[in-house]
Amino acid sequence: MSAGDALGLISLFGAGMLAGEEFVIRYGVRGPLASLDDRAHIRMRQALIRTLRVLVPAIYLPTLLSAVAVTILDGAGRGVVFRCGAVLALLAWIAITLGGTVPINEAAFDWDPDAPPPGWQAQVDRWERLNSVRAWLAVGAFALLLAAMALHATGA
């Protein structure tokens, strides 16, 4: 197995983990979280942020770095267009994360569950819209890396 093959597998695995995590947060957690009363909602949101702000970067960073590395190593080889698309999707994901969801998450830490600030639900709605885009970018990156790996493996 070449270094490019190993990096391709690492990026594919990471992208799958990231897509799964984002998909579950978007489609598995969003509904139940929204059904909670305000106090429980804020406490749960704060707990999720504490956990995911460690877990998600631990998945994302190796995924992006390995995707960039395999794209460089394999050059114009099979699947390069798909790998480049995946890297662009991962870069868009981090741009939305750092510019959109992270500032909202930081503000959410200051929310008092017993006396939520005015407009907190509008911030949650904005976070949810941004997260929908992030989820589909992560799924897209995974699909593109999967296609690149399939092309590489078949020699097509």
Side-chain angles (χ1 to χ4, degrees), residues 3-73 82-150:
D5 291 339
L7 287 168
L9 287 173
I10 291 167
S11 67
L12 183 59
F13 177 77
M17 294 291 292
L18 184 68
E21 171 272 324
E22 290 291 331
F23 195 84
V24 166
I25 293 296
R26 171 59 183 88
Y27 293 101
V29 174
R30 182 181 189 173
L33 188 59
S35 71
L36 298 174
D37 64 72
D38 291 355
R39 184 175 186 274
H41 179 127
I42 290 171
R43 291 181 68 126
M44 182 63 177
R45 182 169 293 277
Q46 290 169 336
L48 284 168
I49 293 166
R50 272 191 285 285
T51 301
L52 294 174
R53 74 177 178 176
V54 174
L55 178 65
V56 174
I59 295 169
Y60 174 80
L61 289 174
T63 301
L64 176 65
L65 294 175
S66 59
V68 168
V70 72
T71 301
I72 292 168
L73 279 176
F82 292 110
R83 278 191 290 282
C84 287
V87 168
L88 289 174
L90 290 168
L91 291 172
W93 182 93
I94 196 66
I96 291 169
T97 299
L98 294 177
T101 59
V102 166
I104 296 169
N105 288 347
E106 292 300 319
F109 277 126
D110 295 331
W111 297 346
D112 180 354
D114 294 317
W120 75 273
Q121 291 159 325
Q123 288 297 310
V124 168
D125 290 343
R126 183 172 190 274
W127 189 96
E128 295 293 353
R129 286 190 304 276
L130 292 168
N131 186 248
S132 294
V133 176
R134 287 175 6 129
W136 286 105
L137 285 168
V139 168
F142 177 54
L144 289 165
L145 288 171
L146 190 59
M149 185 67 73

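Note that this is a predicted model, so its numbers are computed, not measured.
Contact check for N131 versus R30: no side-chain heavy atoms found under the 4.5 Å cut-off. Between D38 and Q121 the shortest side-chain heavy-atom distance falls below 4.5 Å. P117 is not listed as a side-chain neighbour of Q123, based on a closest heavy-atom distance of 4.5 Å or more. When side chains are defined from C-beta on, L144 does not count as touching V87, because their heavy atoms never get closer than 4.5 Å.
Residues meeting the side chain to side chain donor-acceptor pair (under 3.5 Å) test with D125, sequence neighbours left out: none. Residues satisfying the ring pair (Phe, Tyr, Trp, His ring centres under 6.0 Å) test with F13, not counting sequence neighbours, are none. Applying the salt bridge (Lys or Arg N to Asp or Glu O under 4.0 Å) criterion to D114, with sequence neighbours excluded, gives R39. In this view, L9 and M1, M149 satisfy the side chain to side chain contact (heavy atoms under 4.5 Å, CB included) rule, not counting sequence neighbours. Residues passing the salt bridge (Lys or Arg N to Asp or Glu O under 4.0 Å) test with R45 are E128, sequence neighbours excluded. In this structure A135 satisfies the side chain to side chain contact (heavy atoms under 4.5 Å, CB included) test together with E22, R26, sequence neighbours excluded. Partners of R126 by salt bridge (Lys or Arg N to Asp or Glu O under 4.0 Å), not counting sequence neighbours: none found.
Contact detail for T71 and A67: the closest heavy-atom pair is OG1-O, 2.7 Å. Nearest heavy-atom pair, I42 versus W120, reported as atom, atom and distance to 0.1 Å: CG1-CZ3, 3.8 Å. The shortest non-hydrogen separation linking A141 to A86 is O-CB, 3.7 Å. The two residues S35 and P32 have their closest heavy-atom pair at OG-O, 2.7 Å.
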Below 3.5 Å, can you tabulate the donor-acceptor pairs from side chains in residues 92-110 to any protein atom, sequence neighbours excluded?
from: T97; atom 1: OG1; to: W93; atom 2: O; distance (Å): 2.8
from: T97; atom 1: OG1; to: R134; atom 2: NH1; distance (Å): 2.6
from: T101; atom 1: OG1; to: T97; atom 2: O; distance (Å): 3.3
from: N105; atom 1: OD1; to: W127; atom 2: NE1; distance (Å): 3.0

In residues 54-62, what donor-acceptor pairs under 3.5 Å come from side-chain atoms, sequence neighbours left out?
from: Y60; atom 1: OH; to: L90; atom 2: O; distance (Å): 2.9

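Sorted by first and then second residue, the salt bridge (Lys or Arg N to Asp or Glu O under 4.0 Å) pairs with a member in residues 52-68 form an empty list; sequence neighbours excluded. Within the structure, the salt bridge (Lys or Arg N to Asp or Glu O under 4.0 Å) test picks out no pair touching residues 55-64 (sequence neighbours left out).
Looking at S11, its side chain does come within 3.5 Å of a backbone N or O of G8 through a donor-acceptor pair.
Atoms CG and CG, from L65 and L7 in turn, are 10.0 Å apart once rounded to the nearest 0.5 Å. One distance of note links CG of L91 with CG of L64; it measures 5.5 Å at 0.5 Å rounding. Atom CG of D112 is separated from atom CZ of R43 by 10.0 Å, given to the nearest 0.5 angstrom.
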